[in-house]
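Proteins get letters first, then strands, A, B, ... in listed order; numbering begins at 1 in each.
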Number of protein chains: 2
Amino acid sequence: HLDFSSISPSEFFYRNRQMAGFGNPAQATYSTVRELVENSLDSCEDAGRAPVIAVSLETTASSQVVISVEDNGLGLPYDEVPSAFGQVLYGSKYGLRQKRGTFGLGVTMAVLYGQITTDSPVIIHTQSDNRGWVYRLYIDIENNHPLVEESSERIRSETGTTVTVRIEGDLPRAASRIDDYLRLTSIATPHARLVLRIDDETTLDVGPWTEILPPQPMEAKPHPRSADTELVRRTMAGKQALSLKDYLIGSFQQVGRKTASEFIRFLGLDSKRRVGDLSRTEISRISSVLKSYDSFSRPDGNSLSPIGREAFLKGVQSLYEPEYFSYASRGPLEWDGYPFILEGVIASGAAFPKGEEPTLFRFANRVPLLYDASDDILTKSLKRVSWSRYGIPNGVPWGIFVSFCSTKVPYQAAGKQSIATLDEIESAGLALFRALGRGALKQTKRQKRSK
Amino acid sequence: HLDFSSISPSEFFYRNRQMAGFGNPAQATYSTVRELVENSLDSCEDAGRAPVIAVSLETTASSQVVISVEDNGLGLPYDEVPSAFGQVLYGSKYGLRQKRGTFGLGVTMAVLYGQITTDSPVIIHTQSDNRGWVYRLYIDIENNHPLVEESSERIRSETGTTVTVRIEGDLPRAASRIDDYLRLTSIATPHARLVLRIDDETTLDVGPWTEILPPQPMEAKPHPRSADTELVRRTMAGKQALSLKDYLIGSFQQVGRKTASEFIRFLGLDSKRRVGDLSRTEISRISSVLKSYDSFSRPDGNSLSPIGREAFLKGVQSLYEPEYFSYASRGPLEWDGYPFILEGVIASGAAFPKGEEPTLFRFANRVPLLYDASDDILTKSLKRVSWSRYGIPNGVPWGIFVSFCSTKVPYQAAGKQSIATLDEIESAGLALFRALGRGALKQTKRQKRSK
Ligand SMILES: Nc1ncnc2c1ncn2[C@@H]1O[C@H](COP(=O)(O)OP(=O)(O)OP(=O)(O)O)[C@@H](O)[C@H]1O
Ligand SMILES: Nc1ncnc2c1ncn2[C@@H]1O[C@H](COP(=O)(O)OP(=O)(O)OP(=O)(O)O)[C@@H](O)[C@H]1O
Ligand SMILES: [Mg+2]
Ligand SMILES: [Mg+2]
């Protein structure tokens, strides 16, 4: 008869590692660098420090690649290292504020891939207080927990982390993408210095372009429009004695005393009802009306960290030296109750490939997205714009850099390369691209008049 | 300080449900139908029975949709229902043979989505032996286990299963896609009858086109070229006393006594060495050489179930009435040691949209893929062909139906809509499309001569 069983999350991602960007050696080489650099940048920003990140790639005999990423971030506490690196769905980024990481999966995928292709443990050298530690560890894939081969004390020059993995890779095919990735990362994080060494030769050393550190995004309460029955159930847990009014004000952002009273009146309920006395039907109704009630103000933008006009333009100028460039932004807006901002820079110059429409460079939460462009909603929005209406192309190659930032990025897959189709993001994309187009058209007309 | 924690796999897919195709109400409506129909078809084929599957969609007040799918499959055992429907990463399809399902996730996503948007339990009426059961259940999302609201005995007309969920949906937007999905499913499963009822009106009743049931795919041993250190470690577990030679012959397909001896000699090892006495370095080397050693025969095709020339052509003819049509296939081939077959039908006629290249209809393991076309490796292969060389277009619209089947489909995301980039699949796609193009060119020339 049929054999029913369950698998662990690490087993799931071992079997389906192409979903996380580890389906072939070239992409695995890229994804390993990306996952490690993302973590380093998140940590430096948590530390409130200007990031200095060194990526080292070393080819060995056969097609193995040793990838090492060093940062000056917060480091990790000694007792958190095994789970952070050797367990899938374990991390520190499950809250509601803008971060690059989101799943608690990324670095463990690199560890897993290195282990299954080269039988090598990951090596972590980290310092978060006044003691440094080196770990060599593996992951028990069937059971989703770490296997520590060794851990010992070792001094490190400052707090921060160095992660080293050995994988079956394809450096010739991945090298130029990794270079692009770091250059584009430099545009999105102008306050960072990024160094790339390949076989002991420094091939890239970019940034910082600015001394100014972006303000840290604040942890936010959920917005009413992100509500579903599960969120309402969880936010009600442990608040059985509260009044419905106090529950709403305490659990959601953009809900003050006046708004809460109006909302409760709209529902036809008594604001003094205790949460614990509400029926299942009433709770279900509260959840669906929270989602659709349109008198709540838009979610706060202070859990976001946009690149900003000045920094974005400076980065594009420094790396692409365009003849023309302009910036536009949309937001804070929201998708499903999560705040987002969309920023864009349109630029023309010889550095861009020729094409019927501008070449699109995408960013999500300050991370360049280099794969899976065609199904990204921003790419689809770009293709819907009638670029000829804005005089594009006009004999000059154009590029558009678009940066999406949100407390939650709706990625299409666990490899975090492409944004899913959501109406609010699609219309914001269209609006932004048209604004950038109008700016370009003005410039083209101005140039013609001056000739 | 930072707060480290873990999340369950159901929590992961709750937070990231767009990755599984449940990111917006229209796609969730489609995905719910797809996940349920896939399960029904898998079960009917396990039963060795011609599938009869009835899909019923009912709009209710507000935008809720009640989706019910009924089949004549194997049913589920009483004690397996809660975990199968109320736990993520639990199922019966983790083996190595061609099936539609693969993750143990799909139906639980529909349950989860229905629960969070409408607070409704899933209703399952199933019979696998001589007793029928009805369950109403929810999923505990934080802890990934089922919550059975009620289960009771209820007679069912025959073995099989009926699953009913109520979701926040968008039937107007999803209806035509669901219709396309069922028609295309009928092409891929010509031995099935598929019925669609929307608000009590039968809008589709297709198939069967043939009485012949496809042979059931056989469970296969892994092929050596699918080896990695994890697979070798697991297949060695419990075989410590075996000789290396007997271990290889017993654990992998395409390894007989002669091949095993040659392989061991190639490694420079003694074939009588006990598995338990091998060093870690030796095991790691065995794993990497298993992958690269090219003298193992190709994997068996008997774990596959291709549509077949006659059935595929018949389905396309019945539904599209083309003026010209021809079939080609490639394989059994392999990707990463997993066997696959690629079949295609090229057809021309008024039923197809006009375009610079043929319109592509994709199938994976007999399931139509209607979303995420642009990043699919088969779509990318199609675009690389110089269709003008084959006289396409020539004033006539063309369509290509391409069916990929394998013991493992490398999906790009958990929504199973798009195939990842793997070199062997890309080249097989190119070869297949060119073969179809040559067939079309021949036909076009023949037609011109006859005029
Ligand atoms: N270089 C680093 N410095 C400090 N902490 C780190 C570093 N790398 C990883 N971590 C910690 O390990 C955790 C797990 O990392 P991992 O990349 O697996 O998940 P994540 O970054 O939270 O999410 P994602 O899967 O989206 O990358 C992180 O949440 C972070 O707390
Ligand atoms: N209609 C059905 N008839 C018989 N068994 C079913 C049916 N629906 C679900 N099942 C059982 O429940 C299990 C879980 O279903 P689920 O769709 O979650 O996973 P899956 O089909 O194994 O994989 P996938 O996530 O790729 O769909 C299946 O493996 C199957 O054993
Ligand atoms: Mg990470
Ligand atoms: Mg399924």
Side-chain angles (χ1 to χ4, degrees), chain A residues 1-9 11-12 14-16 18-19 23-24 27 46 62 74 77 80 83-84 87 89-92 94-95 102-104 115-119 141-142 168 228-231 234 280 283-284 287-288 372-375 408 410-415 418 420-423, chain B residues 1-9 11-12 14-16 18-19 23-24 27 46 62 74 77 80 83-84 87 89-92 94-95 102-104 115-119 141-142 168 228-231 234 280 283-284 287-288 372-375 408 410-415 418 420-423:
Chain A
H1 224 235
L2 287 181
D3 173 32
F4 286 80
S5 60
S6 67
I7 59 170
S8 70
E11 178 72 17
F12 172 81
Y14 162 61
R15 290 171 173 243
N16 301 295
Q18 76 285 347
M19 292 188 193
N24 64 61
Q27 193 171 4
D46 279 339
S62 73
L74 273 187
E80 293 292 358
S83 299
Q87 185 176 327
L89 304 185
Y90 189 91
S92 60
Y94 291 125
T102 170
F103 305 135
Q115 174 176 321
I116 66 173
T117 58
T118 70
D119 205 30
I141 296 175
E142 276 174 304
E168 189 75 23
D228 55 44
T229 68
E230 181 67 14
L231 181 68
R234 284 184 202 183
R280 180 150 195 166
I283 292 174
S284 172
S287 156
S288 68
D372 303 347
S374 318
D375 278 316
K408 184 171 167 181
Y411 293 110
Q412 294 213 10
S418 162
T421 298
L422 284 134
D423 290 349
Chain B
H1 224 235
L2 286 182
D3 172 32
F4 286 80
S5 60
S6 68
I7 59 171
S8 71
E11 178 71 17
F12 173 82
Y14 163 60
R15 289 171 172 244
N16 302 294
Q18 76 285 349
M19 292 189 191
N24 64 61
Q27 192 170 5
D46 279 338
S62 76
L74 273 188
E80 294 291 359
S83 299
Q87 184 176 329
L89 305 186
Y90 189 91
S92 61
Y94 291 124
T102 171
F103 304 136
Q115 173 177 321
I116 65 173
T117 57
T118 70
D119 204 32
I141 295 174
E142 275 173 306
E168 188 75 25
D228 54 43
T229 68
E230 182 67 15
L231 181 69
R234 285 183 201 184
R280 181 153 194 162
I283 291 174
S284 172
S287 155
S288 68
D372 302 347
S374 319
D375 278 316
K408 185 171 166 181
Y411 293 110
Q412 294 213 11
S418 161
T421 298
L422 284 134
D423 290 350

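For chain A, the option among B/Gly91, B/Ala420, B/Gly23 with the highest count of heavy-atom pairs below 4.5 Å is B/Gly91. For the set B/Ser284, B/Ser287, B/Ser418, the count of heavy-atom pairs under 4.5 angstrom toward chain A peaks at B/Ser284. Contact tally against chain A (heavy-atom pairs below 4.5 Å) for B/Ile283, B/Thr118, B/Asn16, B/Leu74: the top residue is B/Asn16. Put simply, of A/Gln87, A/Gln27, A/Lys408, A/Arg280, the one with the most heavy-atom pairs under 4.5 Å next to chain B is A/Arg280. Between chain B and the options A/Ala414, A/Pro9, A/Gly95, A/Pro410, heavy-atom pairs under 4.5 Å are most frequent for A/Pro410. Heavy-atom pairs under 4.5 Å with chain B were tallied for A/Asp3, A/Thr421, A/Asp228; the largest tally goes to A/Asp228.
Of the atoms belonging to A/Ile116, heavy atoms from both backbone and side chain fall under 4.5 Å from chain B. Residue A/Glu230 touches chain B through both its backbone and its side chain, counting heavy-atom pairs closer than 4.5 Å.
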Between A/Asp372 and B/Gln412, is a side chain to side chain contact (heavy atoms under 4.5 Å, CB included) present by the stated rule, with each step listed? CA-CA 9 Å; A/Asp372 303 347; B/Gln412 294 213 11; 3.7 Å; yes

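Here the straight-line distance linking atom CG of B/Leu2 with atom CD of A/Glu80 works out to 9.5 Å at 0.5 Å rounding.
Of all heavy-atom pairs between A/Met19 and B/Tyr411, the closest is CG-O, 3.4 Å. Among all heavy-atom pairs drawn from B/Gln115 and A/Thr229, the shortest one is O-OG1, 2.9 Å.
Counting only heavy atoms from C-beta outward, the side chains of B/Tyr94 and A/Ser5 approach each other to under 4.5 Å.
Taking the six-membered ring for Trp and thresholds of 30 and 60 degrees, B/Phe103 and A/Phe12 have ring planes more than 60 degrees apart, a perpendicular arrangement.
For A/Glu11, the side-chain contact (heavy atoms from CB on, under 4.5 Å) partners at least two apart in sequence or on another chain are A/Ile7, A/Ser8, A/Tyr14, A/Arg15, A/Ile141, A/Glu142, B/Arg234. For B/Asp423, the side chain to side chain donor-acceptor pair (under 3.5 Å) test picks out A/Arg173, with sequence neighbours left out.
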